[in-house]
Amino acid sequence: MDSWRRSPLFFWIIGLPPVGWLAIFFLLPLSLIWLISFGEKQGIVDVALTWTLDNYARAMESIYLEILLKSIVMAVAITVICLVVAFPVALLISFAPRRVKPWLLLLIVLPFWTNLLIRTYALIAVLRVRGYINFSLEWLWTQANAALSFAGLGQYQLLGARFEPLELLYNNFAVAFGLVYVFLPFMVLPLYAALERLDRSMIEASLDLGAGQVRTFFSVVVPMAASGIVSGVIITFIPALGSFLQPELLGGTDSQLIANVIERQFKSANDWPFGAALSFILMYLTFFALALRSLLAKGKSAMEAA
Amino acid sequence: MQNDKPILSISGVTKRFGASVTAVDDVSLDIREGEFFALLGPSGCGKTTLLRMIAGFEVPSEGAILLEGADISATPPNRRPINMVFQSYAVFPHMSVFDNVAYGLKVAGTPRGEIRAKVEEALSLVKLDGFAARKPDQLSGGQRQRVALARALVKRPKILLLDEPLSALDAKLREAMQLELTRLQKSVGITFIIVTHDQGEALSMADRIAVMEAGRVRQVAEPEVLYSRPNCRFVADFIGKINLFMARVVRAEGDLLHLESDALGHVDLPCPEAMAHPAPGSQITLAVRPENFRLGGEAGADDLHIPGRITDHAYFGGHSSLFVEDKAGNSITVSVQNGPSMLSEADKCDSLHIFCSKKDVLILPE
Ligand SMILES: Nc1ncnc2c1ncn2[C@@H]1O[C@H](COP(=O)(O)OP(=O)(O)OP(=O)(O)O)[C@@H](O)[C@H]1O
Ligand SMILES: [Mg+2]
């Protein structure tokens with residue numbers, strides 16, 4: 001170990017390629033975008049770096065702030081829904097018999113093997129007016145009606161004259177549905193990892209001391225899975241805040257999120273400087289959320305130490 | 001504190017895992033109120049499984065567990081007035097020592113004011129006063145175990161279960177804790193059931209011991225009885241050190257058995273009460289503790305004597321073990337107190353006689 005540290009050449013050799021990679025393909029483009037965000041559009045493709053703050057000022061207009069706020073609310077909602085849905089799933093997998101565990105994990109990971117675009121289009125087939133959910137509902141409606149007729153109540157039309165399909169697509173519900181669907185595995189996996197590490201005798205100790213299942217879940221299982229909850233929340237919230245495919249494909253006219261606005265600047269609106277400014281505001285927001293989290297964590301441990 | 005009324009009756013309890021594993025096999029035990037009871041046996045003999053059934057984490061496949069006469073076999077663990085100290089201690093890492101000990105009281109809805117007093121009392125019982133605000137990761141292994149102990153004791157259970165509580169401690173601390181646990185048990189008067197695979201631990205702490213082998217209880221007795229009158233070869237071999245000799249029954253004269261053994265020669269011994277009289281010609285096992293042999297000196301009228309030679313010895317401080325080979329090639333372990341000249345003298349003897357009194361020879365049914 002120590003002799004490794006004393007041989008700097010070795011470290012240069014293994015360290016240089018990844019550092020170079022990061023510098024060229026991550027830091028450099030990011031810096032470019034940062035510079036562009038202080039520029040002005042000139043002609044069709046050129047941007048002049050004038051150190052103007054106009055792009056940022058424009059981003060503060062209420063129409064953009066509203067979309068930003070909506071994106072944040074949406075991302076928070078997605079994260080909360082994912083957490084609530086994923087926790088029981090992760091718990092179930094970690095308590096499943098050893099033989100079926102890998103298969104359950106495979107089921108969770110399986111969607112990763114399919115292209116996101118295809119999965120999102122598949123959702124359209126499920127949610128649309130003539131989609132599988134509405135087909136199922138219609139079938140249920142027909143069966144229920146038949147049962148009613150059989151019971152001699154047919155003429156009252158208790159369930160309506162005809163089946164009314166639900167409007168499930170091209171609205172905020174569809175966007176939320178699509179996002180939860182995509183991010184669920186990102187929440188399940190870190191939660192599962194945390195629950196897998198949890199010593200079963202902790203749960204037994206809680207039961208042994210007289211706590212019921214519910215009390216044990218909230219007083220022992222959830223706090224001890226805290227690290228998994230935090231990583232799950234972070235890796236769900238950040239991409240959810242920047243999501244753009246689902247609002248594009250599943251959303252209606254009022255379902256635009258901040259990433260759709262950014263995309264439009266770089267493409268149809270051809271306003272790179274403004275798009276760059278919006279991107280950086282989104283990034284600053286993410287940094288702020290992460291900083292807040294580590295500050296809270298530090299404050300908590302400081303309070304406990306005191 | 002102790003009386004003969006059973007607080008816990010285990011009757012005909014069997015636990016199977018799947019079709020092939022029988023972890024506990026038809027065990028019946030009565031545990032008396034206020035006693036310090038040990039379940040002793042080699043690894044994998046079903047001690048933990050039995051303890052977990054008493055705690056309520058496993059349901060017996062057959063049989064019943066009665067607490068003060070009431071069947072609790074199907075009662076969930078959180079409704080049993082029985083608490084457990086886990087082998088891994090299972091102290092909640094996200095709670096302070098105080099909150100750990102208070103947990104069981106809070107769950108039971110004890111008023112706040114009472115909780116503080118009770119927790120402090122429990123902490124001082126295990127000598128952890130002043131540790132209330134610490135987090136478990138700021139404690140040593142021994143201290144964490146005390147937290148687990150306080151957390152269980154504060155509930156004032158009818159029975160306290162301890163699964164190998166000392167196995168993770170170093171030898172010095174383990175000895176100190178053995179003493180402390182017995183002291184604690186006498187002072188709180190709660191029935192303790194401890195699981196251990198360390199016979200020394202069981203002998204020094206328990207009022208009574210159940211020796212288990214492969215899911216079955218082989219003998220239940222006080223430590224002295226277990227040591228001096230083991231009822232089978234397994235118990236004799238498991239508790240302490242013992243020399244075993246095969247013998248053939250020549251004939252039985254009333255209660256007296258005439259035996260022939262190639263190591264001990266011809267021996268007449270009374271048949272033990274618990275044993276059916278063996279048929280002439282059948283094989284039985286004789287056993288002698290190493291400390292019941294004497295080296296040299298004069299043979300008494302009733303003594304057996306075995307000629308042999310010393311092949312090896314091991315020094316243990318207070319005593320030494322000598323390994324004697326008899327004429328037939330059997331190796332016999334003899335334990336001697338170390339006097340100033342003992343070893344050097346014994347070392348010199350190339351051939352010697354070892355003696356043992358007839359009453360120290362045990363007959364073990366197979
Ligand atoms: N949940 C289980 N499923 C299947 N087999 C089990 C289970 N629990 C225990 N066993 C088996 O039952 C037997 C007894 O196990 P147990 O844990 O009671 O032994 P033990 O006496 O406590 O041993 P140790 O001293 O090693 O702790 C072992 O053979 C073990 O493999
Ligand atoms: Mg065990």
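Quick note: numbers below take in every heavy atom, side chains included, and nothing from hydrogens, waters or symmetry partners. Every chain is numbered from 1, with letters handed out A, B, ... down the list of sequences.
- Taking non-hydrogen atoms and a 4.5 Å limit, the residue list of residues 212-245 of chain A in contact with chain B, ordered by number, reads A:Gly212, A:Arg215, A:Thr216, A:Ser219, A:Val220, A:Pro223, A:Met224.
- Heavy-atom neighbours of A:Tyr284 OH from other residues, nucleotides or ligands within 6.0 Å: above the threshold of 12.
- Put simply, CG on A:Asp208 and CZ on B:Arg151 are 8.0 Å apart, with the number rounded to the nearest 0.5 Å.
- Within a 6.0 Å sphere centred on CZ of A:Arg200, heavy atoms belonging to other residues, nucleotides or ligands number more than 12.
- The two residues B:Phe57 and A:Glu204 have their closest heavy-atom pair at CZ-O, 3.2 Å.
- With a 4.5 Å cut-off on non-hydrogen atoms, A:Asp199 touches chain B through its side chain but not through its backbone.
- Of the inter-residue distances, the one linking A:Leu207 atom CG with B:Arg79 atom CZ reads 11.0 Å to the nearest 0.5 angstrom.
- Scanning residues 98-109 of chain B against chain A with a 4.5 Å heavy-atom cutoff picks out B:Tyr103, B:Gly104, B:Lys106, B:Val107, ordered by number.
- Atom OH of A:Tyr132 is surrounded by 12 or fewer heavy atoms from other residues, nucleotides or ligands within 6.0 Å.
- Within a 6.0 Å sphere centred on CZ of B:Arg183, other residues, nucleotides and ligands contribute more than 12 heavy atoms.
- Interface remark: of the candidates B:Ser88, B:Pro76, B:Ala152, B:Ser88 forms the most heavy-atom pairs closer than 4.5 Å to chain A.
- Between B:Pro93 and A:Met202, the closest heavy-atom pair is CD-CE, 3.9 Å.
- Most heavy-atom pairs under 4.5 Å with chain A: of the set B:Val154, B:Asn83, B:Val85, B:Leu161, this distinction falls to B:Asn83.
- For B:Arg134, no part lies near chain A; criterion is any non-hydrogen pair under 4.5 Å.
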